[in-house]
Amino acid sequence: MHVLLPDGKQLDLPEHATGADVAAAIGPGLAKAALGLRVDGRLSDLQTPVPAGASVQVLTGRDPDVIGLMRHTLAHVLAQAVREHLVAEGHGAQSVRLGIGPVIEHGFYYDFDLPRNLTPEDLPAIEERMRAIIAADLELRRSEVPRSQALARYVELGDPYKVELIEDLPADVTISFYEQGGEAGFTDLCRGPHVPRTGVLPPHFRLTSLAGAYWRGDERRPMLQRVYGVAFREAEALEKHLWQLEEAKRRDHRKLGAELDIFVLDEDIGPGLPLWLPRGTVIVEELERLAHEVERRAGYQHVRSPHVTKEQLFIKSGHLPYYEQSMFPAMVIDDQRYFIKPMNCPFHHKIYAARPRSYRDLPVRLAEYGTCYRYEDHGALMGLMRVRSMQMNDAHIYCSEAQFEAEFLGVIELYLEYFRLFGIDDYVMRFSKHAPEGLGKKYVDEPELWLRTETMVRNALESGGVTFVEAEDEAAFYGPKIDVQVTSAIGREFTLATNQVDFAIPARFDLTYVDEDGQRKTPLCLHRAPLSTHERMIGFLIEHYAGDFPLWLAPEQVRVVPIADRHVPYAEQVAARLGAAGLRAEVDAGNDRMNAKVRAAELKKVPYIAIVGDKESEAATVSFRSRKEPQRQGVHLDAFAAHLAAHARARAGAVTPLG
RNA sequence: GCCAAUGUAGCUCAGCGGUAGAGCAGCCGAUUCGUAAUCGGCAGGUCGUCAGUUCGAAUCUGACCAUUGGCUCCA
């Protein structure tokens with residue numbers, strides 16, 4: 001047989017030649033340096049036979065992709081080390097059962113079923129053993145085993161996890177094992193690829209955390225213990241990664257939220273129920289103001305609805321069977337079950353239905369920043385990102401099928417406009433579709449409507465030139481949706497904006513309009529939340545800006561610092577003048593020295609510090625230092641106020657320095 | 001909801017069987033100062049909650065609550 005090398009040459013090889021044979025055939029130097037193989041663009045290893053006719057490239061330590069092999073092998077080394085660690089305590093080797101140990105971003109993990117729980121104190125000892133296994137330079141040998149033999153082996157070992165894995169593999173697939181260190185070492189069912197021996201593994205790894213993880217991600221299955229690790233080829237990369245984790249802690253919205261007096265969570269109130277402090281409320285209200293302005297231009301009307309409603313409303317909407325476990329439990333009033341609303345849509349449907357609608361009314365766009373309550377699992381709560389009380393940036397658009405595409409793209413344009421404003425460029429549009437198996441369970445049982453609506457969405461996206469990825473089995477129960485997945489400045493990923501198509505519920509509410517031809521027709525409904533919930537949006541923005549908000553969002557825009565007590569009256573005048581210009585300014589009249597006041601204002605990340613002393617009060621000027629532009633002296637108060645007001649009004653992301 | 005860790009003053013943390021401490025923040029006083037911490041004083045905690053062990057518990061044990069890291073779920 002032969003394979004194709006990157007330079008276009010053909011290399012003749014005996015049948016069943018492996019990656020190692022390829023490297024050896026090219027040259028002894030390469031054979032020594034080889035760590036892995038790329039076969040038809042995919043990672044493979046030296047131990048695996050090469051398919052005839054494949055394009056192959058031998059990978060050495062210089063190739064950035066070999067870290068993938070290294071991380072995978074480190075997962076095996078971790079598993080061996082955990083077993084040794086527990087066997088050394090007297091546990092039987094078979095009591096250490098293995099789940100899976102894949103490569104993930106930055107590193108690897110391995111899932112175990114163990115005779116005792118690991119604690120963080122175990123990690124250094126396990127890491128130590130890992131380093132010993134690396135120092136021992138064990139060879140990783142690959143072997144192919146018939147399915148029945150592989151199965152028998154794990155049945156005998158009493159390992160239900162591996163048995164299940166093998167049983168789930170197709171009957172015709174090659175089952176391979178990787179073994180390191182012989183009998184005394186470690187063998188694992190594994191598809192590979194791996195590095196050839198443990199000695200080539202980099203020392204730049206660290207076990208980072210312990211966690212529980214359900215076997216195969218299923219909450220009905222046993223919980224295994226997962227050990228996470230990170231690994232890099234270069235020491236600097238590991239250091240950089242660890243530094244980024246530290247940096248992430250500094251930017252964390254929970255830490256900054258407390259330091260900047262934005263919100264608090266109080267045990268007496270309850271988990272996931274944040275209190276907005278005055279400074280945080282300023283930000284919420286700025287977002288509301290922004291949305292109001294944008295939506296007024298886009299033809300939305302604002303409505304309001306109550307926080308509680310009779311059960312009947314959610315029975316009619318069909319939410320109850322799909323959603324009740326995510327709602328606060330019902331309360332009984334006058335022998336009726338009432339719920340606190342988890343979403344606004346049924347109310348908006350009722351508002352739509354409050355009077356007859358003509359095709360001339362469409363599209364009807366009803367917006368409300370209603371506060372909703374969802375019973376999220378305790379373990380899911382996270383600062384402002386995952387809460388139980390939330391204010392949706394909500395609206396529902398009722399339109400005809402003919403209007404659908406324009407309305408749908410209008411919504412996408414809306415959230416792109418917001419993203420431009422906030423400088424959000426790291427996002428993915430995810431087109432979430434149903435899965436046929438879920439019909440009647442997770443999804444309303446309307447197979448042809450699903451397909452039709454999904455086609456409409458895909459057509460709209462394509463005609464709008466929007467790039468997107470598709471996700472099976474991620475739809476809402478009433479229709480497909482677009483979720484915008486963003487990555488925050490500290491690498492947290494979550495859904496911000498959402499745009500959902502609802503082909504089911506308008507009919508349940510008997511929503512109709514009279515069309516041109518006099519026929520009553522059912523409108524489509526778009527659910528949209530381009531600013532997500534205000535909780536999540538602000539949590540995201542805190543991290544995005546590291547608390548250093550643009551002027552228009554800054555809770556306090558100017559801190560006026562009088563140099564001495566005699567300057568306080570002038571400082572008050574300055575603050576009043578700024579207030580009259582629509583700016584948020586506060587005077588620090590305390591008896592600290594100016595330096596301390598400047599520091600205090602900087603720590604609160606106030607964008608402008610206006611310093612006023614004798615010179616300023618005599619000439620009606622301010623001297624300022626700013627996080628946004630170079631420091632200036634003797635700027636006339638009116639010019640200063642106008643400069644800031646103009647930038648705040650424009651919601652400018654960056655400030656043009658005062659000329 | 002599940003697995004694990006953590007919980008001492010507003011914040012950051014020390015104390016880890018003999019009954020609670022520091023720095024910062026706060027308050028009072030002195031200082032009146034030109035772009036990241038002036039000095040002095042005062043006040044502040046039923047050590048997450050409730051039980052238990054003990055002559056004695058912040059410290060040991062248990063349950064619960066909350067938070068954090070994951071898993072499941074999700075805006």
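Below, read A as the first sequence line, B as the second, and so on, with proteins coming before strands; counting in each chain starts at 1.
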- Message: If you apply the rule ring pair (Phe, Tyr, Trp, His ring centres under 6.0 Å), what do you find for A:Phe112 with A:Tyr110, and how did you get there?
- Response: CA-CA 7 Å; A:Phe112 304 96; A:Tyr110 213 110; 5.1 Å; yes
- Sequence neighbours left out, what pairs pass salt bridge (Lys or Arg N to Asp or Glu O under 4.0 Å) with at least one residue falling in residues 558-574 of chain A?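 Applying salt bridge (Lys or Arg N to Asp or Glu O under 4.0 Å) to every pair that reaches into residues 558-574 of chain A, excluding sequence neighbours, yields A:Glu556-A:Arg559, A:Arg566-A:Asp614.
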Could you list, one pair per line, each protein nitrogen or oxygen that sits under 3.5 Å from a nitrogen or oxygen of nucleotides 33-42 of chain B, together with the distance?
{"residue": "B:C33", "atom": "OP2", "partner": "A:Arg566", "partner atom": "NH2", "Å": "3.4"}
{"residue": "B:G34", "atom": "O6", "partner": "A:Asp614", "partner atom": "N", "Å": "3.2"}
{"residue": "B:G34", "atom": "O6", "partner": "A:Lys615", "partner atom": "N", "Å": "3.4"}
{"residue": "B:G34", "atom": "N1", "partner": "A:Glu616", "partner atom": "OE1", "Å": "2.9"}
{"residue": "B:G34", "atom": "N1", "partner": "A:Glu616", "partner atom": "OE2", "Å": "3.3"}
{"residue": "B:G34", "atom": "N2", "partner": "A:Glu616", "partner atom": "OE1", "Å": "3.4"}
{"residue": "B:G34", "atom": "N2", "partner": "A:Glu616", "partner atom": "OE2", "Å": "2.4"}
{"residue": "B:G34", "atom": "N2", "partner": "A:Ser623", "partner atom": "OG", "Å": "3.4"}
{"residue": "B:U35", "atom": "O3'", "partner": "A:Arg625", "partner atom": "NH1", "Å": "3.0"}
{"residue": "B:U35", "atom": "O2'", "partner": "A:Arg625", "partner atom": "NH1", "Å": "2.9"}
{"residue": "B:A36", "atom": "OP2", "partner": "A:Arg625", "partner atom": "NH1", "Å": "2.9"}
{"residue": "B:A36", "atom": "N7", "partner": "A:Arg625", "partner atom": "NH2", "Å": "3.1"}
{"residue": "B:A37", "atom": "N7", "partner": "A:Arg599", "partner atom": "NE", "Å": "2.9"}
{"residue": "B:A37", "atom": "N7", "partner": "A:Arg599", "partner atom": "NH2", "Å": "3.2"}
{"residue": "B:A37", "atom": "N6", "partner": "A:Arg599", "partner atom": "NH2", "Å": "2.5"}
{"residue": "B:A37", "atom": "N1", "partner": "A:Arg599", "partner atom": "NH1", "Å": "3.4"}
{"residue": "B:U38", "atom": "O4'", "partner": "A:Arg593", "partner atom": "NH1", "Å": "3.4"}
{"residue": "B:U38", "atom": "O4", "partner": "A:Asn591", "partner atom": "O", "Å": "3.4"}

Should [N] form a Watson-Crick or G-U wobble pair with both distances under 3.5 Å, which nucleotide is its partner?
N: B:A14; value: none
N: B:A5; value: B:U67
N: B:G62; value: B:C50
N: B:A37; value: none
N: B:A25; value: none

Are there any protein N/O atoms within less than 3.5 Å of an N/O atom in nucleotides 62-68 of chain B, and if so, which ones and at what distance?
{"residue": "B:U68", "atom": "OP1", "partner": "A:Arg254", "partner atom": "NH1", "Å": "3.0"}
{"residue": "B:U68", "atom": "O3'", "partner": "A:Arg254", "partner atom": "NH1", "Å": "3.4"}

- Query: If you find the nucleotide of RNA chain B closest to A:Glu219 and the one closest to A:Lys255, which residue's nucleotide is nearer the 5' end?
  - Reply: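 It is A:Lys255 whose nearest nucleotide is closer to the 5' end.
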- Message: Go nucleotide by nucleotide along RNA chain B from the 5' end; which of A:Arg386 and A:Ser209 gets its closest nucleotide reached first?
- Response: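 Mapping each residue to its closest nucleotide by heavy atoms, the 5'-most match is A:Ser209.
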- Query: Between B:C74 and B:A22, how far is it from one C1' atom to the other, in whole Å?
  - Reply: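 Roughly 43 Å separates the two C1' atoms.
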- Considering only the C1' atoms, how many Å lie between B:C16 and B:U61, rounded to the nearest integer?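 Rounded to whole Å, the distance is 15 Å.
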- Message: Any base atoms under 4.0 Å from A:Lys604, or only sugar-phosphate, or nothing? Heavy atoms, all strands.
- Response: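 No contact.
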- Message: For A:Gly212, is there any backbone N or O sitting under 3.5 Å from a side-chain donor or acceptor partner on A:Arg226?
- Response: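 Judged by distance alone, no pair lies under 3.5 Å.
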- Query: Does the side chain of A:Glu616 come under 3.5 Å of the side chain of A:His567 through a donor N or O and an acceptor N or O?
  - Reply: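 There is no such pair between these side chains.
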- Return yes if a side-chain donor-acceptor contact under 3.5 Å exists between A:Tyr369 and A:His302, otherwise no.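 The answer is yes; a qualifying pair exists.
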- Item | A:His527 and A:His396 aromatic ring geometry - parallel, tilted or perpendicular at 30°/60° bounds |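 If you compare the ring of A:His396 with that of A:His527, the planes turn out perpendicular.
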- Task: Hey, can you tell me if A:Tyr418 and A:Phe422 have their rings parallel, tilted or perpendicular (30° and 60° cut-offs)?
- Result: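 It falls in the tilted class, 30° to 60°.
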- Task: Considering only NZ, NE, NH1 and NH2 on the basic side and carboxylate oxygens on the acidic side, decide whether A:Glu407 and A:Arg365 come within less than 4.0 Å.
- Result: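 The answer is yes: the pair qualifies as a salt bridge.
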- Message: Suppose we call a contact any N or O donor and acceptor under 3.5 Å apart; does that hold for the side chain of A:Arg226 and the base of B:C71?
- Response: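 Side chain to base: no pair present.
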- Message: Using only modelled atom types and a 3.5 angstrom limit, is any donor from either the side chain of A:Gln485 or the base of B:A75 paired with an acceptor on the other?
- Response: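 For A:Gln485, whose side chain was compared with the base of B:A75, there is no donor-acceptor pair (under 3.5 Å).
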- Do you know which two heavy atoms are closest between A:Met327 and A:Phe314, and how far apart they sit?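 Looking at all heavy atoms of both residues, the shortest contact is CE-CD1, 3.8 Å.
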